[in-house]
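First comes the structure, then the notes that go with it.
This one's a predicted model, so the numbers in the text were calculated from it and none came from an experiment. To find a chain, count down the sequence lines: A is the first, B the second, and so on, and within it residues start at 1.
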Amino acid sequence: MVALLVGIILVCAGTVSKLFYSYQLDHVNETISAISRATVNELKTDITNLESLFLKTSLSFQNSVNESRLDLPTLKLEAMGELEIVNYIAWVPRINTPTLEQSTANNKSIIPELRGIQDDRTPLRRNQQELYNEGEWEYQIEYKAPYYLFIQNPVSLKSSIEENTDGVFNHANQFKRAIVRATKTGEIVASQAIIHTDGSTSSSLISAIYNRPKISSSLKNLSENNGLITAGVLNLEIDLEKMFEYRTSNKNSHSLGFTVEEVNVEGKNTLLYQTGEHLHGKNFTDVELINFFGHEWKLSVHREPQTWAMLLPSVMAVFLGLIIVIALLAWHTNNRRFKHQLHNRLAEQKIEINKNTRLLEAVLAAAPVGIEYIDESGTIQLQNDLSRLVTSNLVSRNAIHSESASAGTKNGNKLQHYQLQTSAGEEEKYFEFITKEIECSSEHGIGKVIVSNDVTARELANRRLEGYIRELETINGELEEFTYSATHDLQEPLRRIAAFSEILDDQIADGQMHDAAKITAMLASSATDLRQRFVHVVNEIDNRNRRRASDDNLSFLDKPVSNQKYDQ
Amino acid sequence: MINTKGKCKVQKKIVLLLDDSKEDTFLFNHAATKARQDIQVETHLHAADLLLDLKNKAKFPDARLPHLIFIDINMPMMNGMDFLQKFKSTENLNCIPAIMFSTSAYREDIKCCYSRGADGYLLKPSGNKELVEKLRQVFSYWIDTVESTHQT
């Protein structure tokens, strides 16, 4: 819109100026052509210098903007190429420095001050000269330095401002070099133009715009005085403002503002522009010194904290803290409850254990056998009276039955038979120890429960029984032996008698009786032998029967059995 | 060695009997002579004496050793089994067939005898004819059927 407006204004101004200054057309043409011819070459060389300068400037500006963490639109430097000045205006007003200083000393806001300047600068218009050319026209004001030259270049620039780098310019017949700064929306382009002054009636003198302290004011003043030039000047400022406005709106932060101050030569800063509300007098967080066209500008960007964004971490922290507190509280209560439950359960278990202990003691006391519990370290943990009696009187544990002592494992129980010899040397007693290995509840060791059982009666009975068995075996053996010998002894003579009888019978039948007497004698001796043997056997049987009868008078169990005979 | 004095040119084979009973000796002699004519029965009553005698004879290679020996088991002092063991463990004697001659029909006795090197076990039969028949078979086997170490 601004560009359109500027365009319209330019056109209008151009038309008005054309009509107004038509009578000076020839003179303007002459001047312009002279300037153009002379300065084209120099202009070309200077373009490159300008480009590099602006590249530097814009880069520094871009860096500063980047450092202020604003999302800036890209600053571009447009190379101008060969500048063709089609239409330009040179306007060289005189700057009334004291007036400006006076007006800005109030240091309130820029716009009213500038307007104030405008009023003061009204006499300046009286001194201005206007030159026309066909298609290109120049507006020139003859005045003392500094001068301002504005060139309108409809081809590549919307507006342009020339700056004289020399600062103070001499009047006569010199080539003047100036840097033209033009602004477009969102972009800064640069160009330069060389204005040649021929030192004629209206010698055109060019001075830099920015090499004086009150450049902005001058610009403003100019813009107020001449519509066409104003467009260019205003564009500069508006664009800057727009840039920042754009950034501000882009950042969605109405509190963002910026201030442009010019650093004065005397070290006194002058407020040139300010946006945002109530920024004046506040601290500006990002302050950058920007070098524009060899002149320092102080750009301060202020950004107020965004409350919600600022509050978010603290809110989060509070919320987190609350959660932690709640969790701690919950943990604490849970812990207490758990402890309470644990305590109750422990108490219940203690009662249960006491009950069980008493029960166990009663069972142990009433047990007919000795019971002791030895833990993994060999310490007796539990023992009843009977077991205590056994172990205290135990002098030596002799294994009675070797086979049961060594490998009497039955259902995981070790069965061991021991002979108990009491210290008093009293009657022998026999005990059976049943050992069961159990895993200790407390540690990973293995303890054992030993049950000692008095098996004296059983043991003695067993021994007696074994004695009887052995006796029976011997009796049976004897009996067998006797039967064998008896039958054999009785058989022998019978067989002989039979044989002799047969021989005798044969001899009688044959009639050969030459050794009959001998046979008969042997027959007789055999018969005698038979009788003797028979008597012997009969006597033997009789003796055995008598002995058996005398043995049977004793009771089977009461029969004493000597230990040394059967214990082997 | 050839017996030039005897009627028979063929030398009689010596059959030895060890038995402590005179009656049995008589019976054996009677039955043996009846069973076979070409044998000469020698009887001994004492085992120890016989063993000593045989051992002495065995030292001489030309000595006349028995062709067969019958041993009774039940004897006083040294019984038949002990004699058998010593007999069979003596060099030059252990090749003589030894046949046990006893009334004992106990399996243990028979086993023991065979394990000690007996070549046969003959039960004393109750009848004389029976004895003659048995001896005939025994002689037939040991003298005629099988080869002996004796020189013919």
Only heavy atoms, only distances under 4.5 angstrom. Which residues in residues 495-507 of chain A are near chain B?
A:Arg495, A:Arg496, A:Ala498, A:Ala499, A:Phe500, A:Glu502, A:Ile503, A:Asp506, A:Gln507
Select all residues of residues 516-525 of chain A having any heavy atom within less than 4.5 Å of some heavy atom of chain B, and report them by number, or 'none'.
A:Lys518, A:Ile519, A:Met522, A:Ser525
At what distance, to the nearest 0.5 angstrom, does NZ of B:Lys124 lie from CD of A:Glu492?
5.0 Å
Ignoring hydrogens and angles, state whether a donor on the side chain of B:Thr103 or A:Gln491 is under 3.5 Å from an acceptor on the partner side chain.
no
With a sphere of 6.0 Å drawn around OH of B:Tyr121, does it hold more than 12 non-hydrogen atoms of other residues, nucleotides or ligands?
yes
